[in-house]
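Contents: one structure, followed by commentary.
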Amino acid sequence: MHEMSLAVAMMDQLQPYFESESVQQVVQIDVELGALSCVEKDAFDWAFAAAAEGTPAAGAELRYAEVPVSVQCVECGLISQPPFPAMVCMGCHATDVTITAGKDFKIRSMEVR
Amino acid sequence: MCKDCGCEEGNAAAFHHHHHGHAHTHDHDHDHIHEHHSHASDTRRIEIETRVMADNDAIAAHNRSWLQAHNIASVNLISAPGSGKTMLLEATLDALSAEVPLAVVTGDQQTDNDARRLQGRGANVIPVETQSSCHLSAQHIADRLPQLHDHKLRLLIIENVGNLVCPAAFDLGEDTKIALVSVTEGEDKPIKYPGLFHDAPVTIVTKADLLPHLDFDLEQLKTNIRTVRPDARIIVLSAKDQDSGFAEWVNYLKGLTG
């Protein structure tokens with residue numbers, strides 16, 4: 001279950017802010033979960049709670065924005081959202097598309113005191 | 001004093017509101033982060049905007065540069081457990097190692113069984129016991145680059161931990177991700193696990209020698225692969241019979257070292 005690796009990586013990314021911003025407690029963290037990110041929300045909740053124990057982020061509420069896959073068509077330039085998991089332009093139905101959103105798992109921001 | 005959390009805030013106001021960790025519902029687009037206002041003056045929002053995979057990806061980029069600088073082509077084989085990766089590699093090393101200097105890094109949670117099966121076939125075989133981790137990470141590969149420092153080496157084959165989900169999310173620095181799916185699995189594997197099959201320019205369909213004994217719909221599998229990866233190269237083969245598909249696979253690998 002790789003959600004634990006990701007939770008540890010997330011804590012590593014938050015740690016410098018605890019010091020530089022003198023954070024005593026993290027209340028809430030906004031994350032963005034792409035449909036192709038291979039991350040499972042419930043598993044990540046559990047993993048994060050474990051990874052955050054004993055840190056200012058212990059008890060923080062994770063709030064997920066789920067981001068569907070967006071593709072840009074190489075043929076017609078349209079950005080569209082095909083029905084997951086198909087990879088096709090919703091305008092001209094070409095299959096030569098690049099992914100513009102939905103692959104990543106991101107930390108957007110956190111609310112702290 | 002706030003009756004909910006006992007703080008001293010808001011004494012001067014008739015109405016005040018704190019975050020106590022409860023969920024708010026707001027109208028917003030499914031792909032839009034709502035800017036949540038801090039109601040209490042003692043909380044503040046810090047923008048971060050980082051990708052959680054950023055650290056792994058930075059190490060992967062380093063691996064990629066290193067491999068390219070040393071003229072070593074690389075592939076990352078990913079599949080469910082039991083799909084035939086190791087058997088395919090046994091036959092591949094036998095067919096290829098005399099002609100193409102190659103190395104294999106093979107990952108499993110426990111044991112070096114796969115590495116043992118691959119040893120003695122002319123390739124440098126390096127096992128990785130990932131223990132609690134269900135996937136190889138870029139760091140696993142970075143740690144072993146010194147063992148690949150051989151001016152003759154032309155091809156690195158990474159045999160990932162048997163798993164269709166997690167390995168796909170971790171860039172190791174390879175040139176090409178290759179998915180394997182066997183004819184004893186379901187035809188809908190590619191649409192169940194689009195993360196992997198989308199990222200793999202090549203999918204190998206293994207155990208083709210079993211097709212006469214199965215009701216497996218090979219054309220449906222191919223359709224499903226092409227749904228998530230329209231330009232996929234699909235190679236159907238039998239490592240056991242070393243058929244024409246196997247020859248195509250060996251030629252494909254030779255072509256990478258071109």
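Atom set for the values below is all heavy atoms of this structure, side chains included, hydrogens, waters and symmetry mates excluded. Reminder, nothing fancy here: chain letters follow the sequence lines and each chain counts from 1.
Using a 4.5 Å cut-off between heavy atoms, A/Tyr17 contacts chain B through its side chain alone, with no backbone atom that close. Proximity to chain B is limited to the side chain of A/Gln13, based on heavy atoms less than 4.5 angstrom apart. Interface remark: B/Asn224 contributes no atoms to any contact with chain A (heavy atom separation under 4.5 Å). In this structure, chain B has a heavy atom under 4.5 Å from the side chain of A/Leu14, while its backbone stays farther away.
Looking at B/Val181, B/Leu196, B/Leu221 one by one, the single match for side chain to side chain contact (heavy atoms under 4.5 Å, CB included) with B/Pro190 turns out to be B/Leu221.
Of the listed residues (A/Glu21, A/Met10, A/Lys106, A/Met110), the greatest number of heavy-atom pairs within a distance under 4.5 Å of chain B belongs to A/Met110.
In this structure, B/Lys85 does not pair ionically with B/Asp114, as no charged nitrogen and carboxylate oxygen lie closer than 4.0 Å.
A donor-acceptor distance shorter than 3.5 angstrom exists from the side chain of A/Ser20 to the backbone of A/Pro16, with no hydrogens or angles considered.
Note: B/His135 and B/Phe170 have parallel aromatic rings, judged against thresholds of 30 and 60 degrees for the angle between ring planes.
A 6.0 Å sphere centred on CD of A/Gln24 holds no more than 12 heavy atoms belonging to other residues, nucleotides or ligands.
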